[in-house]
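Structure first, then comments.
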Amino acid sequence: MKKLVTVSLPYANSEAHVGHIAGAYLPADIYQRFQKLKGEDILFLSGSDMHGSGVLINAENVSEDPHSFALKYHNKFKNIFTKLDIGFDIYSNTATEIHKKRVHDIFLKLYKNKYIIQKLEYQPFCENEKRFLPDRYVEGACPNCENPKVKVGESCDKCNTFILFDNIKNPECKICHHKPILKKTKNFFLELPLFEKEIKKYINKKNIFRKTVKDLSESYIKTGLISRSITRDMSYGISIPLEGFEDKVIYVWFEALIGYLSISEELKGDKWEEYWKEPSQTIFFMAKDNIVFHSIILPSILLGYNKNLVLPYNIVSNEYLLLEGEKMSKSNNHSLLAKDALKLFGKDNLRFYLALNLPEGKDFNFQKKDLIKTINSTLASNIGNYINRTLTFAYNNFDGVIEKYESLEDEKYISDFFKNISSSYDNFKIKKAVNDIISFSDHANQKFDQLKIWENKDPKNIYILIQYVYALSLLLYPIIPESATNLAKILNTKIKTDKYKPFWGKIEKPYIIFPKIENDD
RNA sequence: CGUGGGGUGGAGCAGUGGUAGCUCAUCAGGCUCAUAACCUGAAGGUCGUUGGUUCGAAUCCAACCCCCGCAACCA
C-alpha cells in the first residue's frame, strides 16, 4: 500500500537542535523505516521552509540576501539529516519552481471557487518608515491597567488583557517611535468557515489521533472558524498570481503546507497524486505547535482544491524536549544542536536514547548524564552484551557455523513478539516498541543463562541463542539502522523484511557493536 | 475563574475501571560464555489533596494545591 510520510517543514533560519530530532524527524524516520521493511510503498519527505518574516529578519540582521541565507540553513538541515540517517526519499525546499507553480495553481483554484476572497482592511502603517507594521511592531500602553510596555498581538504581563491595535493606548512604531496610522490595504483571506462543517466531521471521526491532537483541534474549532488572511505586505516570498499585487506575497503558513504536495511532485513527477489519493494514506509528523495547521487548515486547502485528495490519515504530534530541566532557548545559550549531540554521543547512541524517551505523551527532559547511563546499561550492557556474548561464543566454539535445528517454543516466542512490535508501530507507539525491544533482550539474556551453553556446548543451544541475535538485527533496524546493518553483516545476512524466519549459516568474526560511553566526569 | 501539559516507590518513566509495573540506584545470593557484563531474590509507593460515581478508581466526575510552557530566537 502507498503511504506518504512527512515531517513538518523546518524554518530555514536556524540549525536543528535535539528537540527537532526527538519531536518529529526521528519518530517519523523510525516509522517509515519500519513500514518500508514491511514492504509498503512509502514516500518519505520534508523540506526547508524558505520564506516568512523570520527568515527575512534574521537575514537582514546579518546583512545577507534572504534567499542565500535560507539556502545556507537549508543545506545545514539537509546535511544533519543525512548524518543522522533520517532517510528521506527527498528533502527539498519551498524555493523551487515546482512549488511556486503548485502554490499558484492552488491559490487560483481556491480564488475561483470563492474559498479565497479579497477583503479591504485597515492595517497599522508607519508613514515615517513607509511600511505596514506587523502586530508586534506596534508598542504602547495597556488599555486596562496602563502598563506602558505592551505590544499588539500579545497579552499584557500585568493584567492579561489581550492587546489589539484597536484598543492599545499611545501606539508607536517600534522602529522609529512615530505614531502609526491606519491605512487601507487589500488582502486575501482563506474562508475557513466554509469548511467548518466538513472539518468538524473529519476531526470527530479521527479516533486514531493522539489526545493532544484531537483536543487542540476541537478546542480550536469550538469557537467557530474565522477567515484568515493569507497575504502579507512583504517583498520576500511567493508572489500572488494576480495583477496589481506585486508588493505583496503569500503568507508563509499557507504556502508552506503546500510544500508537501509540491515536494511529492518534485520526486514522483506526474505520479505524485497516487500518494495523495485513495487508498494511499498521508501521515504527518510534527511538534505540537503545528497541529491546527495540519488538522484544520491543510484539510481545508485540500477540500477546496481537489476533492479527490485524501485528508491526513494521521497527525502525529509530540510534546517538547527540555534540556537539563529547562526549556531550550537560543538567547540564553541553553540549547543542544543536533550536530553537537552527534559529535558528543554518536549517531546511534543519540537515536536510541531519543527513541526510548520520545516525548509522545509529555515533555521529556534530555540530560547528558542520563543519556550516558541509559546507553551503557541498556544498549551496551543489555542488548549489546547479549549480541556479543552469543556471537563470540558461536565463533569461538563452533567456528562460526550455526547449524539448523528447530525450537518451536523460541521461534513462536519470537514470531509473536514481532507481531506485537508491528502493532505498536502501526499504532504509532514508537516509544513502546523501543521499550519492548529491551524486554526482548532481557528475555534473551535469561535464555542464555538457562541453557548453560558454556557447560554443554550443545549446537542446538547456539542455534536457539542466535535466533534472538538475528531477531534483534531486524528489530533494531528502524531505530538504529547503521548498527543493525553492521550486525547483519556479521551474520552474513541482509535486512529486508519485518518478518522473523529461522536463521542459520556461517557468521563472520564478531566485534563489539555497542561500546560503552566512557564517562569523563 | 487567561491557557495547554504534568504531579505514580531515592532518580527517570509506563500504566485510563478489576490483585500497583519497568529501568537505574540499594541489599542478599548465583553464574563465569560476554563489554567488571549476565541471572535469581529482597527491601522500597496512603499513585498531589479532598470529596463524589461504582461491587470495585492511579484510571471517571468535582473542587483545590503544586510544578512546567504559553514575550522574544524557538518543535
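Chain naming here is simple, since letters A, B, ... match the order of the sequence lines and numbering starts at 1 in each.
Environment of NZ in A:K368: sparse, with no more than 12 heavy atoms of neighbouring residues, nucleotides or ligands closer than 6.0 Å. Within a 6.0 Å sphere centred on NZ of A:K214, heavy atoms belonging to other residues, nucleotides or ligands number more than 12.
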Per-nucleotide protein contact string for nucleotides 36-41 of chain B (B base, S sugar-phosphate only, - none; heavy atom under 4.0 Å): -SBSS-

Per-nucleotide protein contact string for nucleotides 8-16 of chain B, where B marks a base within reach and S marks sugar-phosphate only (heavy atoms under 4.0 Å, - for neither): -----SS--

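Nucleic acid contact class of A:D289 (heavy atoms, under 4.0 Å, all strands): sugar-phosphate only. Across all strands shown, A:N397 has no heavy atoms under 4.0 Å from either base or sugar-phosphate atoms. A:I21 comes within contact range of no nucleotide atom at all, as no heavy-atom separation falls under 4.0 Å. Residue A:I512 is in base contact, counting any heavy-atom pair closer than 4.0 Å across all strands shown.
Aromatic ring centres of A:F284 and A:Y260 lie closer together than 6.0 Å. Ring to ring, A:Y73 and A:F77 are not that close: their centroids are 6.0 angstrom or more apart.
Applying the side chain to side chain contact (heavy atoms under 4.5 Å, CB included) rule to A:N461 yields the partners A:L451, A:I453, A:N456, A:D458, A:I464; only residues at least two apart in sequence or on another chain are considered. For the ring-ring contact (aromatic ring centres under 6.0 Å, His included) test, no residue two or more places apart in sequence or in another chain qualifies with A:Y320. With sequence neighbours excluded, the residues that form a side chain to side chain contact (heavy atoms under 4.5 Å, CB included) with A:I221 are A:I199, A:K200, A:I203, A:L225, A:I296. With sequence neighbours excluded, no residue forms a side-chain hydrogen bond (donor to acceptor under 3.5 Å, both in side chains) with A:K419. For the ring-ring contact (aromatic ring centres under 6.0 Å, His included) test, residues two or more places apart in sequence or in another chain that qualify with A:H443 are A:Y413, A:Y468. Listed by chain and number, the residues in a ring-ring contact (aromatic ring centres under 6.0 Å, His included) with A:F428 are A:Y31 (sequence neighbours excluded).
Among residues at least two apart or in separate chains, salt bridge (Lys or Arg N to Asp or Glu O under 4.0 Å) pairs with a member in residues 44-64 of chain A are A:E64-A:K72.
Looking at RNA chain B, the stems built from 3 or more consecutive Watson-Crick or G-U wobble pairs, each pair with its key distances under 3.5 Å, are B:2-7 with B:65-70, B:10-13 with B:21-24, B:26-30 with B:38-42, B:48-52 with B:60-64.
For RNA chain B, none of the residues of residues 83-90 of chain A falls under the heavy-atom distance limit of 4.0 Å. Near-neighbour residues of RNA chain B inside residues 64-78 of chain A, defined by a heavy atom below 4.0 Å, are absent.
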Verdict with supporting geometry, A:N314 and A:R210, side-chain hydrogen bond (donor to acceptor under 3.5 Å, both in side chains): CA-CA 9 Å; A:N314 200 1; A:R210 280 186 191 157; over 6 Å; no

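With A:L342 as reference, A:I80 is the one residue of A:N349, A:L337, A:I80, A:V18 to meet the side chain to side chain contact (heavy atoms under 4.5 Å, CB included) rule.
Applying the 4.0 Å criterion to OP1 and OP2 of B:C74, one finds that A:N13 has a side-chain N or O inside that range.
In this structure, of B:A75, B:U32, B:U35, it is B:U35 that holds the atom nearest to the side chain of A:N388.
The side-chain ring of A:W454 is stacked on the base of B:C33, judged by centre separation under 5.5 angstrom and plane angle under 30 degrees.
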